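A short worksheet on the structure shown next.
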Number of protein chains: 2
Amino acid sequence: MGIADDAVEVRAHGWRTLAALHGLIESELERALSASVDLSVVEYTVLDALNRQDGWHMRMQQLARATALSPSATTRLVNRLEDRALLTRVLCADDRRGIYTELTHAGRALYEKARPIHDETLERVLADAQAQPELAPVVEALHAIALPVAAG
Amino acid sequence: MGIADDAVEVRAHGWRTLAALHGLIESELERALSASVDLSVVEYTVLDALNRQDGWHMRMQQLARATALSPSATTRLVNRLEDRALLTRVLCADDRRGIYTELTHAGRALYEKARPIHDETLERVLADAQAQPELAPVVEALHAIALPVAAG
DNA sequence: GCTAGGTAATTGCGTGTGCAACTATTGACC
DNA sequence: GGTCAATAGTTGCACACGCAATTACCTAGC
């Protein structure tokens, strides 16, 4: 078997490994978050994204990109969170097609409660994953990614 | 902000990056496979897993692990593929609770057709991802993973 | 040999998702 | 100023998923 064929195998195997690690992390986060604060991973992702824009609005489309969801799924996701009074829709004045979302007090409070649980779970799962020879290299790579801006 | 806080941020950011890359690859594979051979990514994963066990059976449970799916989802996934005559259920003699699955001729043929599409899409997507500074380190790590056994 | 506890797989049910079709609004062109 | 394509967001619909309950079977223990 030649070098080119090996490359195909390596990519396929790498993809399976990535998918395995992703599934592992997501299911653990799902369990931890839904048990403690009744949030799914995507719901937490929304709160996290909104919080990271501190005080700033976010369009539906940006939310869709941040969660890797379709527009329709994003609409319903925002509906669920709005029904729980965790965020509010804000009509935008300069483009009346656009809709901004922002966290409510309750939303920020729930996020503050969920965040340590999220972070601890992530730390634990990554440590577990790093102990598996199969997954370790990918976990290492995650650590090596530089933060987008100065995080201090 | 201290080193410990940075570590939390780095993990969270790494996880978002991993999720982004995973979502990117999965959606591209989904599009390519469903358009050309009417298979979803998990369905392809099943055919691939069965094929990699060349001629060998695979229990439902193993399939569930390979696809990161629940037992119920695995049952229905196998149902769909069986309805399309791509695989067959085989009762196991020594443990009559267990059910083996194996590819049919049609299943193997469709896999052979799907595989190059899968591989080419994966190559293209990984190349695209590697061009994004944000995703590149993770893609590098995937390439660096050694194949489980001698692949030649 | 029979019962009790555990495991493999399946089914009922509620829910989240994507696609396609739709509405509302914007911006470009003449 | 009116028309037309493009964009933002929402809704109808079908479908795949997870959880919990169920069935069938195996394995101890007595």
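The analysis underlying the following values was restricted to heavy atoms, covering all of them including side chains, and did not include hydrogens, waters or symmetry mates. In what follows, chains carry the letters A, B, and so on, assigned in the order in which the sequence lines appear, proteins first and then strands, with residues in each chain numbered from 1. Note that this is a predicted model, so its numbers are computed, not measured.
- B:L110 is connected to B:V78 through a chain of hydrophobic side-chain contacts under 4.5 Å among Ile, Leu, Val, Met, Phe, Trp and Tyr, so both are in one cluster.
- Rounded to an integer number of Å, the gap from B:M58 CE to C:dA8 P is 15 Å.
- Between A:H118 and A:L33, the closest side-chain pair of non-hydrogen atoms falls below 4.5 Å.
- In this structure, A:M60 places its CE atom 19 Å from P of C:dT23, rounding to the nearest Å.
- Here the P atom of nucleotide D:dC19 and the CD atom of A:E30 are 9 Å apart, to the nearest Å.
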Enumerate all atom pairs, one protein N or O and one N or O from nucleotides 26-28 of chain D, separated by less than 3.5 Å.
residue	atom	partner	partner atom	Å
D:dC26	OP1	B:R96	N	3.2

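- Side-chain contact between B:Q53 and B:E102: absent, with no pair of heavy atoms (C-beta onward) separated by less than 4.5 Å.
- When the P atom of C:dG16 is taken as reference, atom CG of A:L39 falls 12 Å away, rounded to whole Å.
- With a 4.5 Å cut-off on side-chain heavy atoms, B:R96 and B:L91 do not count as touching.
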Quick one: which protein N/O atoms are closer than 3.5 Å to N/O atoms of nucleotides 12-16 of chain D? Pair and distance per line, please.
residue	atom	partner	partner atom	Å
D:dG12	O6	A:R76	NH2	2.8

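- Toward the 5' end of DNA chain C, the nearer of the two residues A:L77 and B:Q62, judged by each one's closest nucleotide, is B:Q62.
- Using a 4.0 Å cut-off, some side-chain N or O of A:R89 falls inside it from OP1 or OP2 of D:dT10.
- For A:R80, the side chain to side chain donor-acceptor pair (under 3.5 Å) partners at least two apart in sequence or on another chain are A:E43.
- Between the CG atom of B:L91 and the C1' atom of C:dA8 there is a distance of 12 Å, rounded to whole Å.
- Distance CD1 (A:I99) to C1' (D:dT10): 9 Å, rounded to an integer number of Å.
- Of the two residues contacting DNA chain C, namely A:A73 and B:T75, the nearest-nucleotide position lying further toward the 5' end is that of B:T75.
- The residue from A:V41, A:V125, A:L126 that alone fulfils the side chain to side chain contact (heavy atoms under 4.5 Å, CB included) condition with A:E28 is A:V125.
- Between A:D119 and B:R11 there is no side-chain heavy-atom pair separated by less than 4.5 Å.
- Atom CG in A:D38 sits roughly 10 Å away from atom P in C:dG16 (whole-Å rounding).
- For the pair B:L63/B:L77, no side-chain contact is recorded, criterion being any heavy-atom separation below 4.5 Å from C-beta on.
- A:L18 is not connected to B:L69 by any chain of hydrophobic side-chain contacts under 4.5 Å among Ile, Leu, Val, Met, Phe, Trp and Tyr, and they are in different clusters.
- Between B:L63 atom CG and C:dT10 atom P the separation is 11 Å, expressed in whole Å.
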